[in-house]
Amino acid sequence: MLHKSFHNSAGAALLPAHGIGASATKPAISIAGLRVAFGDVPVLHGVDLAVNKGEALGIVGESGCGKSVTWRAVLGLLPKSAEIGGEARIGDLDLVGARQSVLDRVRGGRIAMIFQDPASALNPVHRIGAQITEALRLHRGLSGAAARAEACRLLDQVGIAAAASRLNAYPHELSGGQNQRVMIAIALAGRPELLIADEPTTALDATVQAQILLLLKDIQRDTGMALVMISHDLAAVAAVCDRACVMYAGQIVETAPKHTLLTAPEHPYTRDLIGAIPPSHGPRMRLTAIAGAPPQRNLSPGCAYAPRCRHAIAVCRTSRPEPRQVAARHSVRCLRLDAGTYQ
Amino acid sequence: MTLLRLNNITRRFPLGSPLYGPRKYLVAVDGVSLDVEMGRTTGIVGESGCGKSTTGRIALGLEPPDSGGVLFQGLPLPRIDSKKWRAQRRQMQLVFQDTLAALDRRMTVSALIAEPLAIHGIGDPASRKQRVAELLHGVGLGEGHGMLYPHQLSGGQRQRVVLARALAPKPSLLVCDEPVSALDLSVQAQIVNLLMDLQQELGLGLLFISHDLRVVRHVSDRIVVMYLGRVVEQGRADAIIDQPAHPYTQALVSAMPRLPGGFDHYVALPGEPPSPTDRPCGCPFHPRCPLARDVCRQSLPELLPLGPERQVACHLVRH
Ligand SMILES: Nc1ncnc2c1ncn2[C@@H]1O[C@H](COP(=O)(O)OP(=O)(O)OP(=O)(O)O)[C@@H](O)[C@H]1O
Ligand SMILES: Nc1ncnc2c1ncn2[C@@H]1O[C@H](COP(=O)(O)OP(=O)(O)OP(=O)(O)O)[C@@H](O)[C@H]1O
Ligand code: SF4
Ligand SMILES: [Mg+2]
Ligand SMILES: [Mg+2]
């Protein structure tokens with residue numbers, strides 16, 4: 001089964017470079033050559049990545065780079081106008097192009113997702129208890145007292161005090177942080193193998209943000225599920241994840257264990273991105289300001305980062321870099337690294 | 001020299017209808033005092049609804065305080081909309097987060113930057129044109145951008161236009177309300193650097209409002225930490241971040257994700273941020289404070305000096 005997911009036309013050569021090659025664990029999901037276009041505008045240009053069972057993987061990148069589209073494509077949540085290519089396998093099942101009925105079973109079951117804005121994801125007219133028990137009925141076949149007891153346990157697990165009495169509350173009666181906890185409880189209802197958290201704390205206050213991130217980390221550790229944390233904030237990802245991928249303009253440009261990514265990044269974009277974050281301690285240095293803005297659509301024949309990259313040379317504008325493995329679980333998409341001329 | 005001084009500012013908003021029962025109030029800002037020095041930055045940080053923007057608007061005279069006073073260059077702010085106030089407004093400008101709302105969609109960038117010059121009757125058309133070109137250049141935009149409309153610009157470019165517009169009348173004070181919160185990190189860094197360069201060059205005083213302590217620490221000389229409308233701690237930026245004295249500041253500092261460690265020293269706060277419509281008695285922070293004692297539930301701690309340059313409002317801090 002493991003080998004099967006490697007042997008596909010698009011991603012055969014690329015998958016090992018993105019980190020699962022060296023590890024013996026079976027991936028919870030492996031995505032290969034994932035492409036998405038809206039009309040004739042391509043927004044994902046071949047995303048290759050595997051999430052190992054039980055690992056916490058971060059996806060970072062700036063607005064519009066394709067973080068959300070990647071996972072929406074995988075879960076069949078994109079509008080019909082989207083053209084999707086490539087594959088996303090959980091076990092033997094390829095989710096790209098899978099029937100709606102199959103996707104319905106996977107979503108909220110084997111794979112659950114939580115979003116940035118919990119208030120809009122919850123149904124305002126239903127009590128939160130009913131929303132959790134509905135998920136338990138759908139994905140675990142629980143009903144009645146058993147479902148209620150389990151809903152109570154889930155609320156307790158996500159740190160909502162006096163869980164039993166909170167089951168009757170409506171979403172508007174809870175704070176933003178509590179609603180996000182409820183969303184996490186609903187996500188956990190189907191005992192997912194993989195939880196995808198898309199900017200789960202961006203809308204929350206700083207102290208609550210830290211609480212929710214640490215809660216996700218604890219749950220991931222305790223349940224052994226895999227976690228994908230999507231964020232534009234590298235520091236938030238670092239707080240939760242073991243490994244991280246940096247995306248730029250519809251592609252993954254660097255993947256590495258967290259510590260390597262933060263202390264020895266290789267891709268110029270990763271370096272610049274780290275330099276752009278105001279440090280939380282130590283001396284105050286001038287921030288790295290990356291000239292220009294992320295591309296709205298990347299149709300250039302060369303490296304997507306070339307127009308903003310301080311290390312770009314002529315070839316960067318004409319040919320596309322492929323991911324290259326620089327260490328065991330570290331891969332980078334940069335031409336100057338290939339040529340060995342960059343630093 | 002002190003450019004701006006807020007003296008014990010309070011601002012309340014009536015809740016509900018005046019017809020039924022005794023009037024209730026939401027206290028948005030409660031006894032806030034702070035200074036902005038010339039050529040320096042005072043940062044205000046705190047959670048959503050703690051009164052940062054209201055404080056900023058009062059500082060600019062856009063909204064009157066219910067009590068307390070605002071001194072600009074040592075003099076009280078003139079009454080809103082008076083002739084004197086309009087003249088003074090030249091000196092104090094606002095930069096805020098929502099650049100699309102701040103810019104008239106039907107005007108070109110050049111016209112938008114020239115508008116404040118015309119409003120304040122600065123220069124003649126020819127010299128205004130010259131000044132617009134200077135300002136575009138000053139915020140890192142080309143003359144070509146002058147012909148474009150706001151929706152044709154990226155978020156970072158729009159924020160530059162807003163900045164150029166604010167700088168046009170040569171103010172001595174800028175109040176920046178979440179000026180980079182809507183921007184991508186790489187673009188946020190551009191604007192933060194630009195703001196700091198312009199400040200150096202022009203000697204601007206900045207009141208910099210943000211919920212992001214990392215950005216506030218980066219730009220500020222002094223930091224004011226607000227909680228539920230009150231200042232709970234203020235002092236030199238480094239001191240506040242390196243040795244926060246108030247339990248709330250300690251929690252905020254610990255909730256800053258650090259690179260590479262994450263939240264290695266996280267101090268968990270129980271409960272949720274409170275609502276200003278439902279203020280706890282005693283210390284407003286006591287329901288979430290890990291150290292709260294009986295005295296905290298009963299009496300409001302005053303903002304008292306801690307050493308020469310810092311003030312803290314906490315019963316448990318030895319002043
Ligand atoms: N339904 C859609 N129709 C057309 N284009 C879309 C659609 N959804 C997303 N896109 C485009 O796809 C690109 C990637 O979007 P995506 O939402 O994945 O970005 P993101 O990395 O999640 O950004 P953010 O940090 O802002 O959430 C963007 O350029 C976006 O405009
Ligand atoms: N014009 C108004 N009428 C009634 N209430 C108001 C008004 N302006 C502000 N408030 C209330 O005053 C409190 C403080 O608001 P303010 O906008 O100053 O907070 P803030 O710290 O800037 O928050 P944020 O980080 O969300 O911008 C809030 O509870 C807000 O709802
Ligand atoms: S006064 Fe009491 S409740 Fe308030 S911050 Fe200090 S210790 Fe906490
Ligand atoms: Mg997104
Ligand atoms: Mg505000």
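In what follows, chains are A, B, ... by sequence order, proteins preceding strands, each numbered from 1.
If you tally non-hydrogen atom pairs under 4.5 Å between each of B/Arg217, B/Gln157, B/Arg288, B/Arg258 and chain A, the highest count goes to B/Arg217. Put simply, of A/Leu214, A/Leu273, A/Thr288, the one with the most heavy-atom pairs under 4.5 Å next to chain B is A/Leu214. Heavy-atom pairs under 4.5 Å with chain B peak, among A/Gly176, A/Gly292, A/Gly275, at A/Gly292. Between chain B and the options A/Pro279, A/Ala161, A/Gly64, A/Ala238, the largest number of non-hydrogen pairs under 4.5 Å is found for A/Pro279.
A distance of 11.5 Å separates OG in B/Ser186 from NE2 in A/His232, rounded to the nearest 0.5 Å. Rounding to the nearest 0.5 Å places CD1 of A/Ile274 at 11.0 Å from CG of B/Leu185. To the nearest 0.5 Å, atoms CD1 (A/Ile277) and CG (B/Leu259) are separated by 5.0 Å. Note that CD of A/Gln209 is 12.5 Å distant from CE of B/Met256, once rounded to the nearest 0.5 Å. Separation of atoms CD1 (A/Ile290) and CG (B/Asp184) is listed at 9.5 Å; rounding is to 0.5 Å.
The minimum heavy-atom distance linking B/Glu47 with A/Thr207 is given by the pair OE2-OG1, 2.5 Å. For the residue pair A/Ala206 and B/Ala255, the shortest heavy atom distance occurs at O-CB, 3.7 Å.
For a residue to count as touching a neighbouring chain, one of its non-hydrogen atoms must lie under 4.5 Å from one of that chain's; by this rule A/Ala291 touches chain B with the backbone only. Contacts between A/His281 and chain B at a heavy-atom distance below 4.5 Å involve backbone atoms as well as side-chain atoms. Neither the backbone nor the side chain of A/Leu204 comes within contact range of chain B, judged by heavy atoms closer than 4.5 Å. With a threshold of 4.5 angstrom between heavy atoms, A/Leu287 approaches chain B through its backbone and through its side chain. For a residue to count as touching a neighbouring chain, one of its non-hydrogen atoms must lie under 4.5 Å from one of that chain's; by this rule B/Val192 touches chain A with the side chain only. Of the two parts of A/Leu261, neither the backbone nor the side chain holds a non-hydrogen atom closer than 4.5 Å to a non-hydrogen atom of chain B.
Among the residues in residues 225-245 of chain B, those with a non-hydrogen atom closer than 4.5 angstrom to a non-hydrogen atom of chain A are B/Ala237, B/Asp238, B/Ile241. Against chain A, the residues from residues 194-211 of chain B that qualify, each with a non-hydrogen atom under 4.5 angstrom away, are B/Asp197 in number order.
Counting heavy-atom neighbours within 6.0 Å of B/Arg40 CZ, excluding the residue itself, gives a total of 12 or less. Counting heavy-atom neighbours within 6.0 Å of B/Glu143 CD, excluding the residue itself, gives a total of 12 or less.
By the 4.5 Å heavy-atom criterion applied to side chains, B/Gln188 and A/Pro278 are counted as neighbours.
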